[in-house]
Amino acid sequence: MSKGTITKISGPLVVASGMRDANMFDVVRVSDDRLIGEIIEMHGDRASIQVYEETSGLGTGEPVESTGVPLSVELGPGLISSIFDGIQRPLEEIMRLTGNSLKRGIEVPSLSREKKWAFEPCVKAGDTVTGGDVIGTVQETDVVVHKIMVPPDVRGTVDTVFRGEFTVEETVCTVVSNGNKIPLTLMQRWPVRKGRPYARKLSPDMPLITGQRVVDALFPIAKGGVAAIPGPFGSGKTVTQHQLAKWAEADIVVYIGCGERGNEMTDVLNEFPELIDPHTGKSLMERTVLIANTSDMPVAAREASIYTGITIAEYFRDMGYSVALMADSTSRWAEALREMSGRLEEMPGEEGYPAYLGSRLAQFYERAGRVVSLGSDKREGALSVIGAVSPPGGDISEPVSQATLRIVKVFWGLDSALAYKRHFPAINWLTSYSLYADSLGPWFNEHVARDWTELRSRMMSLLSDEAALDEIVKLVGMDALSAPDRLKMEAARSIREDFLHQLAFHEVDTYTSLKKQHCMMKLVIDFYDKALEALNGGADIERIVKMPVREAIGRFKYVEETGVIDEFETIEAKLDAELKEASVKEED
């Protein structure tokens, strides 16, 4: 264990000498207060240490001690429903011990050492096990069964296994490997900067269903996919992530508040326990892990919070669960990288960000994926990563946004103009994209409707045509358009207002099943096709635009899921009748 002394202090960066036996990324304890830090640069016996706590009051000559192990997280029962800071300290337990103020240097285990968990084994003595095999289960919450797995590097024969109640440190199984007995507990540790291994990665050909129409229909994300939500202040990044956390078809949600304002994280802490999970009827917190690292916490800990969150997410992915990770926001993490890079006096890249910004972002996002986990039962798990980006002034030409867009496959670009018009989600359909759309098309065509991709393509085409026609309208007015173009504008308006606009706080509209989404798309496209046919037959465009059925199409999104098909057929019949009436009157 290497020991040294402080020679220089520069904000969260501490330089210590006498650390020759230490290694890169070792966790160290700084000063007599035992502040937590991590070695990020080594030159001979001089170590540059990123300190994850406030360094004010430290002086040169104070001791620095390396623990000899990299920054790691504790993985085991007790993660779900917990609130951790960026380095996995349990905030609720710290508050119970010290009050509302987070004291420097406090050492509290991430997982409770006193609580006992009921362990139910699923292996017996003599069984051969390998890394990733499940040796037993713990019912962690009413909705999450925590699978206790063999660590990835262990292989051997089960010697003894126990049933009963145990703490996370007590042995529940022993495995004989090469003549050595290896005790297995409910908990294992894993270094945060190293991705957890898996057997193989699968292609992204299954969608992560979110119930948000603009996402599922126009810009879908695959299970195990990566997406970015850039947008200016007030455009709805946090609300969008809340909606995805609540409604996405994920078994586990890991929500990272990385450098966000305290009030935003407070909203999460207050709302998530009260939100009823629509999939289980229980509190949403019963399948959620929160990492809270607000903007007033030490800046260096923002980087750790991202890695802490994704390592926890990988752990649940390895159990065979579908995990959704929300990072809000990676811009704050990049700001932490920029500050530490500046204090290390590294050559800056664009706008002062380090030259390795892109590679660090890529290393983070590439840990997502749908995989076959280690273990003999070939469990299939998925980790989907959705990162919010907060570009200054909403300018996505800045380095963090551009580096992110080169990596992610889905771009949900939030637009302040749409937000000011109270159009939510404020995802701009002209600038957003999904590179998964083509690979997911066959799934939608097979599992929802054969014409899903055709309807999506036609809706995107109408929206694109509307943008071009809108330039003409601004110059010469709507009356200058031909009747078919006027109809095209009306159909696109219906797509925008009736389909893409979705109320997060409406009890019915907040979530839309794929079956209902298909009906909504078909209603709008059928209106356009049948109205165009009537128009070509001599009907008047003004009569078509003012048909009462258009209001019924607009209010279809408020129809309960149980009555979708009946209401769809009723509206289709009304549409045919009113178009026929409009055509007949015109002939008369």
Side-chain angles (χ1 to χ4, degrees), residues 207-222 243 247 249 410 412 418 423-425 427-430 432-434 436-467 487-503 506 508-533 544 547 549-576 578-579:
L208 178 68
I209 307 303
T210 66
Q212 310 308 299
R213 294 188 290 270
V214 66
V215 172
D216 292 341
L218 298 191
F219 311 111
I221 178 174
Q243 281 292 93
W247 293 105
E249 287 188 352
V410 180
W412 296 319
L418 288 174
H423 179 108
F424 292 104
I427 295 175
N428 188 315
W429 48 87
L430 297 175
S432 302
Y433 61 82
S434 170
Y436 296 119
D438 290 340
S439 61
L440 295 177
W443 188 96
F444 283 110
N445 289 342
E446 180 183 348
H447 293 86
V448 186
R450 293 180 181 177
D451 58 349
W452 178 281
T453 52
E454 181 190 348
L455 292 173
R456 174 190 181 274
S457 177
R458 295 200 57 197
M459 286 176 63
M460 292 292 288
S461 178
L462 282 169
L463 290 169
S464 178
D465 290 347
E466 181 202 30
L487 179 62
K488 191 172 285 186
M489 292 287 283
E490 289 295 328
R493 183 167 71 87
S494 185
I495 294 171
R496 287 190 287 106
E497 297 179 1
D498 304 335
F499 185 81
L500 297 181
H501 183 269
Q502 189 168 359
L503 296 174
H506 190 282
V508 175
D509 197 34
T510 184
Y511 175 87
T512 307
S513 68
L514 294 182
K515 177 182 72 173
K516 184 176 175 181
Q517 289 184 44
H518 175 256
C519 289
M520 293 176 73
M521 290 194 290
K522 192 158 179 59
L523 280 175
V524 175
I525 297 301
D526 281 355
F527 161 74
Y528 175 71
D529 287 344
K530 292 177 180 180
L532 185 61
E533 186 179 335
I544 291 175
M547 288 191 307
V549 73
R550 295 200 64 203
E551 184 179 350
I553 293 174
R555 297 195 62 78
F556 184 76
K557 59 185 176 184
Y558 303 121
V559 175
E560 295 276 0
E561 294 282 348
T562 52
V564 162
I565 299 300
D566 290 342
E567 185 66 16
F568 171 77
E569 292 174 348
T570 301
I571 294 174
E572 284 278 3
K574 279 183 184 178
L575 176 63
D576 290 339
E578 290 183 18
L579 280 171

Engineer: Can you list the residues that meet the ring pair (Phe, Tyr, Trp, His ring centres under 6.0 Å) rule with Phe444, with sequence neighbours excluded?
Structural biologist: Trp452
Engineer: With Trp429, which residues qualify under side chain to side chain donor-acceptor pair (under 3.5 Å), at least two apart?
Structural biologist: none
Engineer: By ring pair (Phe, Tyr, Trp, His ring centres under 6.0 Å), which residues pair with Phe424, not counting sequence neighbours?
Structural biologist: none
Engineer: May I have the list of side-chain donor-acceptor pairs in residues 513-524 shorter than 3.5 Å, sequence neighbours left out?
Structural biologist:
from   : atom 1 : to     : atom 2 : distance (Å)
Ser513 : OG     : Lys516 : N      : 3.3
Ser513 : OG     : Glu561 : OE1    : 2.6
Ser513 : OG     : Glu561 : OE2    : 3.4
Lys516 : NZ     : Lys557 : O      : 2.7
Lys516 : NZ     : Val559 : O      : 2.6
Gln517 : NE2    : Asp216 : OD2    : 3.1
Gln517 : NE2    : Thr512 : O      : 3.0
His518 : NE2    : Asp451 : OD1    : 2.7

Engineer: Under 4.5 Å between any side-chain heavy atoms of Val410 and Tyr433, yes or no?
Structural biologist: no
Engineer: Suppose we screen for side chain to side chain donor-acceptor pair (under 3.5 Å). Which residues come up paired with His447, at least two apart in sequence or across chains?
Structural biologist: Trp443
Engineer: Tell me the side-chain hydrogen bond (donor to acceptor under 3.5 Å, both in side chains) pairs involving residues 563-575, sequence neighbours left out?
Structural biologist: Lys530-Glu572
Engineer: List in chain and number order the residues that pass side-chain contact (heavy atoms from CB on, under 4.5 Å) with Leu503, two or more places apart in sequence or in another chain; answer none if no residue qualifies.
Structural biologist: His501, His506, Asp509, Tyr558
Engineer: Determine which pairs satisfy side-chain hydrogen bond (donor to acceptor under 3.5 Å, both in side chains) with at least one residue from residues 453-462, sequence neighbours left out, and list them in order.
Structural biologist: Asn445-Thr453, Arg458-Asp529
Engineer: Once side chain to side chain donor-acceptor pair (under 3.5 Å) is applied, do any residues pair with Glu497, and if so which ones, sequence neighbours excluded?
Structural biologist: Arg493
Engineer: Applying side chain to side chain donor-acceptor pair (under 3.5 Å), name anything that partners Ser494, two or more places apart in sequence or on another chain.
Structural biologist: Asp498
Engineer: Could you work out, with side-chain contact (heavy atoms from CB on, under 4.5 Å) as the rule, every residue matching Ala531, not counting sequence neighbours?
Structural biologist: Leu487, Phe527, Ile544, Leu579
Engineer: Considering residues at least two apart in sequence or located in another chain, which fulfil the side-chain contact (heavy atoms from CB on, under 4.5 Å) criterion with Glu560?
Structural biologist: Val508, Thr562
